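All values reported here derive from a predicted model rather than from experimental measurement. Protein chains get the first letters and strands the later ones, always in sequence-line order, with residue 1 at the start of each.
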Amino acid sequence: MASVNLVYFAWVRERIGKGEETLELPGTVVTAGDLLAHLKTLGEEYEAALEHQNVIRVAINQEHVDHDEPIAGAREIALFPPMTGG
Amino acid sequence: MASVNLVYFAWVRERIGKGEETLELPGTVVTAGDLLAHLKTLGEEYEAALEHQNVIRVAINQEHVDHDEPIAGAREIALFPPMTGG
Amino acid sequence: MTGVPVTVRVQRQDFDLAAEVQALSTGRHDIGAVVTFSGLCRDEAGSLSALELEHYPGMAEAEITRICKEAVTRFGLQAVCAIHRHGKILPGENIVLVVTASPHRQAAFDGANFIMDFLKTSAPFWKKEHAVDGKERGWVSAKDEDDSARDRWSNTKD
Amino acid sequence: MTGVPVTVRVQRQDFDLAAEVQALSTGRHDIGAVVTFSGLCRDEAGSLSALELEHYPGMAEAEITRICKEAVTRFGLQAVCAIHRHGKILPGENIVLVVTASPHRQAAFDGANFIMDFLKTSAPFWKKEHAVDGKERGWVSAKDEDDSARDRWSNTKD
């Protein structure tokens, strides 16, 4: 089990109901995509937030990554919707 | 003979040696190009100014025109080099 | 590119356009062109009371800095400034400022345009709309046209 | 396009970027993007004492106004301001300012870019260089690349 800090933004944050948490992840969670799939098993709030899994953006240590990126060594993983700044 | 106000700018003005003048034009001067050819017969300062006739820009009543534009009815005709503002 | 000033700020308060342009160009004789882009909160219908801008502190600054440095290299910019506001922003107020300086005009235009396209699609900011009737209108959806605007930069050489 | 404010000035004195942007956007909630272009007197070599800008009074204002109105129609701008200085201008000083406002960013960028390209090639201004040793360096030559920059606007649909 590895421990990781997760942070959520915008409607991902609202649907999950919290802005951050620290979770222990099973060894089967290798990539960012695995993480999303794992989170969806944790309750319906996660299911609602991550329902359209392919639109969820992932950042590891504050840099954008694809869903197939390994998360090993991540201090902070952020999940959020497509950006709408500017 | 028609009378017309001529104005000159930048190196056209410097080479002709004046910024403006009023000239009587013979009836054979129909287009802006005819005017340039006519002016070149008026002295070597005009010849020097209008030597490369095709680069000289012409404006009639403060609007750019091509050299084949008739000048009939012009109140003010301006001759100048390619613009270098901005 | 060493030594090219890149100023990035994410802040609650408004920015001062003239002060940022001054800071970037005063005392320099090598700058020929300065382009600024200001993005404002728009409300043509009169139905919006405010935008609320959420951001990812730390990553927002880092990502905008990455974009600006990429623009410096790509377009040969001499200086860049990018400021993005967060929190509640009223109609008519500023949201974002980008300033670019270069010897020639096209690089300054392209640099600011490039930064805005990537800032829209990559910088971690999210807009929520609040209606004048007090109701939340919810989160603004990302636009496909913003992705297209970003992608055009992969199809050109300069 | 009726009622779109088009401000054009040809003047000796410097301009105030912030004041012009304010004048054009204050109190409006329909503007989403404001782009400014400032052209400065550049002297990387340190050999220029000043530029001297001659212009054709009357036609200069008329031609810039024609260019700005064309940009309003072509890009759907909401407001435009263009100011061109004349007389002696020192290195580091402003020469020209263009400000465009539009609902969306690309129109504001394109409008300002278009106005600058045509202003360079069509507005009756001529630059003469004065060297630091007191000698005239003569009239600046028109550049082919400025004609090319202008001509690209005939090859696109928007």
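- Looking at Arg85(D), neither its backbone nor its side chain comes within 4.5 Å of chain B, counting heavy atoms on both sides.
- Residue Ser141(D) touches chain B through its backbone alone, counting heavy-atom pairs closer than 4.5 Å.
- Looking at Met83(B), Gln62(B), His64(B), Glu63(B) one by one, the single match for side chain to side chain contact (heavy atoms under 4.5 Å, CB included) with Glu63(D) turns out to be His64(B).
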If you apply the rule side-chain contact (heavy atoms from CB on, under 4.5 Å), what do you find for Met59(D) with Glu76(B), and how did you get there? CA-CA 11 Å; Met59(D) 181 171 169; Glu76(B) 179 173 282; over 6 Å; no
side-chain contact (heavy atoms from CB on, under 4.5 Å) between Trp139(D) and Thr84(B), worked out: CA-CA 9 Å; Trp139(D) 296 95; Thr84(B) 56; 5.8 Å; no
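- Per-residue counts of heavy-atom pairs under 4.5 Å with chain B were compared for Leu53(D), Thr121(D), Asp146(D); the largest is that of Thr121(D).
- Under a cut-off of 6.0 angstrom, the local environment of CZ in Arg75(B) is sparse, with at most 12 non-hydrogen atoms contributed by other residues, nucleotides or ligands.
- Expressed to the nearest 0.5 Å, how far CZ of Phe9(B) lies from NE2 of His55(D) amounts to 8.0 Å.
- Other residues, nucleotides and ligands place more than 12 heavy atoms under 6.0 Å from the CG atom of Asp133(D).
- In this structure, Tyr56(D) and Phe80(B) have perpendicular ring planes: the angle between them is above 60°, well past the 30° mark.
- Between chain B and the options Met116(D), Glu52(D), Lys128(D), heavy-atom pairs under 4.5 Å are most frequent for Lys128(D).
- Contacts between Val7(B) and chain D at a heavy-atom distance below 4.5 Å involve the side chain alone, from C-beta outward.
- In this structure, no portion of His86(D) lies under 4.5 Å from any heavy atom of chain B.
- Comparing Val140(D), Val98(D), Leu119(D) by heavy-atom pairs within less than 4.5 Å of chain B, the highest count is held by Val140(D).
- Counted within 6.0 Å of CD on Glu20(B), heavy atoms from surrounding residues, nucleotides or ligands total 12 or fewer; the atom is thus considered open.
- For Lys143(D), no part sits under 4.5 Å from any heavy atom of chain B, backbone or side chain.
- Heavy-atom contacts from other residues, nucleotides or ligands closer than 6.0 Å to CD of Gln13(D) number more than 12.
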